[in-house]
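What you see below is based on every heavy atom in this structure, not just the backbone, and it leaves out hydrogens, waters and symmetry mates.
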Amino acid sequence: MNSLNVKQIEEIIPHRHPFLLVDYIEDYEPGQYAVGYKCVTFREDFFAGHFPEQPVMPGVLILEALAQTGAVAILSLPENKGKIAFFGGINNCRFKGKVGPGDKLRLETKIIKKKGPIGVGQATATVDGKVVVRAELTFAVG
């Protein structure tokens, strides 16, 4: 298994705190897949307003965390070093559960299509083995 800590992730993707939403990569294969984790804490800035009485991680940020995980897989290819993976689209997205403080969010993105700089990742986020988000994420490397 290939694992990465946060400093190694920062060597591959351009995101930085507070917008880097992946704490570590458990396993990845360049150009194929990546499995990462976000340890969600009560101190996340978005919980102050989403929602004060019942803190919930915004779904768009879960999608962004999945995209960042996929970006690790794509941008770890030698030919993509120093590039950025941009969102091109989100398809077949389903939110199936809530994510809150104390949850350990497992992020898995498998690259299922690539043609030139465009590709698609099948992305799944889970908490304690339960799917909370599933989507196809289209990206463009530039």
Mind checking whether Phe87 and Leu75 sit in one hydrophobic cluster, side chains of I, L, V, M, F, W, Y counted as touching below 4.5 Å?
yes

Considering residues at least two apart in sequence or located in another chain, which fulfil the side chain to side chain contact (heavy atoms under 4.5 Å, CB included) criterion with Asp128?
none

Under the side chain to side chain contact (heavy atoms under 4.5 Å, CB included) rule, collect the residues that match up with Ser3, sequence neighbours excluded.
none

Walk me through whether Val72 and Ile9 qualify under side-chain contact (heavy atoms from CB on, under 4.5 Å).
CA-CA 7 Å; Val72 168; Ile9 293 168; 4.2 Å; yes

Considering all heavy atoms of both residues, which atom of Ala65 and which atom of Val22 are nearest to each other, and what is their separation?
O-CG2, 3.7 Å

Checking Asn91 now: which residues fulfil side chain to side chain contact (heavy atoms under 4.5 Å, CB included) with it, not counting sequence neighbours?
Glu136, Thr138

Determine all donor-acceptor pairs shorter than 3.5 Å in which one atom belongs to a side chain in residues 93-112; sequence neighbours excluded.
from	atom 1	to	atom 2	distance (Å)
Asp103	OD2	Gly100	N	2.8
Lys104	NZ	Tyr24	OH	3.1
Arg106	NE	Tyr37	OH	3.4
Arg106	NH1	Glu108	OE1	2.9
Thr109	OG1	Leu66	O	2.9

Please lay out, stage by stage, how Phe47 and Val40 fare under the test side-chain contact (heavy atoms from CB on, under 4.5 Å).
CA-CA 10 Å; Phe47 286 140; Val40 183; 3.6 Å; yes

Give a yes or no on whether Leu4 and Val6 share a hydrophobic cluster (residues Ile, Leu, Val, Met, Phe, Trp, Tyr; joining criterion: side-chain heavy atoms under 4.5 Å apart).
yes

From CZ (Phe139) to NZ (Lys114), nearest 0.5 Å
7.5 Å

Tell me the side chain to side chain donor-acceptor pair (under 3.5 Å) pairs involving residues 67-87, sequence neighbours left out?
Glu64-Gln68

Any Leu61 side-chain heavy atom under 4.5 Å of Phe19 side chain
yes

Whether Gln32 side chain and Glu29 backbone form a donor-acceptor pair below 3.5 Å
no

Please round to the nearest 0.5 Å and tell me the distance separating atom CG of Leu21 and atom CE of Met57.
5.5 Å

pair Leu20-Ile13: side-chain heavy atoms closer than 4.5 Å:
yes

Between Arg16 and Glu10 (side chain of the first, backbone of the second, donor and acceptor by atom type, cut-off under 3.5 Å), is there such a pair?
yes

Please check if Val35 and Val131 belong to a single hydrophobic cluster, counting links between Ile, Leu, Val, Met, Phe, Trp and Tyr side chain heavy atoms closer than 4.5 Å.
no

Counting distance only, does the side-chain N/O of Gln54 pair as donor-acceptor with the main-chain N or O of Phe51 below 3.5 Å?
no

Apart from Ile84 itself, what residues make up its hydrophobic cluster, given side-chain heavy atom links below 4.5 Å?
Phe86

Any donor-acceptor N/O pair, Asn2 side chain to Tyr28 backbone, under 3.5 Å
yes

Which atom of Ile62 lies closest to which atom of Ala125, heavy atoms considered
CG2-CB, 3.8 Å

When hydrophobic residues are tied together by side-chain contacts of less than 4.5 Å, even through go-betweens, does Leu77 share a cluster with Ile25?
no

Linking I/L/V/M/F/W/Y whenever their side-chain heavy atoms sit closer than 4.5 Å, directly or via other members, would Leu137 and Val141 fall into one cluster?
yes

